[in-house]
Protein chains: 2
Amino acid sequence: MAKLTIQRQTILNLINASNQHWDADELARELIIRGHKIGIATVYRGLAALETDGLVNSVQLADKKRYERAVKKHHDHMVCTKCGSIEEFANDTIEALQKVVAHEKGFQMSGHQLILFGCCARCGQQS
Amino acid sequence: MAKLTIQRQTILNLINASNQHWDADELARELIIRGHKIGIATVYRGLAALETDGLVNSVQLADKKRYERAVKKHHDHMVCTKCGSIEEFANDTIEALQKVVAHEKGFQMSGHQLILFGCCARCGQQS
DNA sequence: GTGCGAACGATAACCATTATCGCTATCAAT
DNA sequence: ATTGATAGCGATAATGGTTATCGTTCGCAC
C-alpha cells in the first residue's frame, strides 16, 4: 500500500466525484484549473499507485489509458466510436466462458480486456 | 481495394508464410534482412491498406499493433504476459452474448476486442 | 512519350508515457 | 527539536510506436 499523499488524494477525489473515464492529461488539466499545483509525472505516478492499490480502475484503449472510480463489481466497456463515451456492462456468462476457454488451452488466466466498439444510443439516434 | 504493390505483396507473403503475430518494426527488419529494400513508413501504410482490404488481421495491444495472416473465421486472442506469445481462440457463445449485451444498451456494435492475459501452457510449466 | 495520381523512402514530427534529477515532505529515531 | 533515510514531487528530457511531410519514382491511360 503506497503512500496516499495529498496529490494522490486530490486525484482520487476528482475521479470518485465523477462518472467520467479520465486520462492522465485531462486529470492534470482539470486539477490545475481547480487551483491545484500538480505535475503531469505526478499524475501518472499517482494513477499507477492508486490502481495498484485498487483505489481506481483503468481501461487500456488503443491510444491511451483511462481511469475510472473503483467499483466493487468487475465490468467491461463499450466505447462509442463517434463521441468517445464509455459505458460499462457486466455479463457473468461471458466471464465464466473466458475461464473455460483459457483452461482448455492450458492458459493460466490472470486478467482480460473486453471492449465493444460501436455507436452508442445517443449518437445512433442523431445520424 | 488499394493497389497491391510489390512492397505490399512482400509484406503479405511474409505474414502469410508464418503463424507469427508481427508488429511493423519486426516486419521491416525481417524484410530488410531478406534483402528487400523497404521503408518503415511503407510498412505502416502497407499494413493499413492490407487490413482495410481484409488481407491481414490485427490485434491492438496496449503498446503496439500486431498483424497476422487473415483467416476466414473470426477469433480472439490470449496473450502470455511472460513470453509475449499470442494464441487464438474462438467461442461462438461469447460472440453472441456480446451482441445481446450491446443490444440491451441500445448500442450498435461494429466490432470488439477481447484479450485474455495470463501465462501460457509452456511458460506455466517452467515456473 | 507524356501526364497524372498513387505509392515510395527518408526523415521530421507527434504524442502518450516513462526516466532522470535535484529538491522537498514525511516520519522514526535520537 | 534535529537528524537522516526514504518516498514522492515537479520540471523536463527521453523513449518509442505511429503518422505527416516532401521530393522522387512507379505504373498505367492516353
Side-chain angles (χ1 to χ4, degrees), chain A residues 1-15 20-53 55-68 77 79 81 84 86 113 115, chain B residues 1-15 20-53 55-68 77 79 81 84 86 113 115:
Chain A
M1 199 71 164
K3 211 179 292 186
L4 190 57
T5 63
I6 302 290
Q7 289 85 350
R8 291 179 187 174
Q9 285 176 41
T10 311
I11 295 171
L12 188 55
N13 287 342
L14 180 50
I15 293 178
Q20 293 186 46
H21 291 72
W22 301 84
D23 66 34
D25 197 49
E26 286 169 351
L27 275 166
R29 270 205 310 276
E30 180 62 25
L31 290 174
I32 287 168
I33 287 172
R34 298 191 182 192
H36 299 99
K37 182 177 181 306
I38 192 167
I40 183 67
T42 302
V43 174
Y44 275 101
R45 280 183 298 229
L47 286 169
L50 291 171
E51 184 176 17
T52 301
D53 294 341
L55 299 176
V56 300
N57 291 143
S58 71
V59 212
Q60 174 72 61
L61 301 186
D63 53 341
K64 61 180 59 170
K65 201 168 185 178
R66 292 186 167 275
Y67 292 83
E68 61 187 319
H77 297 91
V79 178
T81 50
I86 302 179
Q113 171 122 43
I115 302 177
Chain B
M1 199 72 164
K3 213 177 292 187
L4 190 58
T5 62
I6 301 291
Q7 288 86 349
R8 292 178 187 175
Q9 286 176 41
T10 313
I11 295 172
L12 187 56
N13 286 341
L14 180 50
I15 293 178
Q20 293 186 47
H21 292 72
W22 301 83
D23 65 35
D25 196 50
E26 286 169 352
L27 275 166
R29 270 206 308 277
E30 182 62 27
L31 289 174
I32 287 168
I33 287 172
R34 298 191 182 193
H36 300 97
K37 182 178 179 306
I38 192 167
I40 184 67
T42 302
V43 175
Y44 276 101
R45 280 183 298 231
L47 286 170
L50 291 171
E51 185 176 18
T52 300
D53 294 342
L55 299 176
V56 301
N57 292 143
S58 71
V59 213
Q60 173 73 61
L61 301 186
D63 53 340
K64 62 178 58 169
K65 200 169 186 177
R66 291 187 167 275
Y67 293 83
E68 61 187 319
H77 297 91
V79 178
T81 50
I86 301 179
Q113 172 119 56
I115 302 176

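Treat the numbers as computed from the prediction; the structure is a model and nothing was measured.
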Identify each donor-acceptor pair in which a side-chain atom of residues 27-37 of chain A lies under 3.5 Å from a protein atom, sequence neighbours left out, and give them as a table.
| unit_1 | atom_1 | unit_2 | atom_2 | d |
| --- | --- | --- | --- | --- |
| Arg29(A) | NH1 | Asp25(A) | OD2 | 2.5 |
| Glu30(A) | OE2 | Arg34(A) | NE | 2.7 |
| Glu30(A) | OE2 | Arg34(A) | NH2 | 3.2 |
| His36(A) | ND1 | Leu31(A) | O | 3.4 |

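Under the side-chain contact (heavy atoms from CB on, under 4.5 Å) criterion, Glu68(B) pairs with His21(B), Asn57(B), Val59(B), His75(B), His77(B), Glu88(B), sequence neighbours left out. Ser58(A) meets the side-chain hydrogen bond (donor to acceptor under 3.5 Å, both in side chains) test with Glu51(A); sequence neighbours excluded. Looking at residues two or more places apart in sequence or on another chain, you find a salt bridge (charged side-chain N to carboxylate O under 4.0 Å, His left out) between Arg66(B) and Asp23(B), Glu26(B).
Scanning DNA chain D 5' to 3' for nucleotides with an atom closer than 4.0 angstrom to a non-hydrogen atom of chain A gives a first and last hit of dG8(D) to dT12(D).
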Contact pattern, 5' to 3', of nucleotides 6-23 of chain C - B, S or - by protein heavy atom under 4.0 Å: -SBBBB----SBBBB---

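Closest approach of Ile38(B) and Gln7(B) over heavy atoms only: CD1-CB, 3.8 Å. The two residues Leu50(B) and Arg8(B) come nearest to each other via the heavy atoms CD1-O, 3.9 Å.
With contacts defined as side-chain heavy-atom distances shorter than 4.5 Å, the pair Tyr67(A)/Ile11(A) does not qualify.
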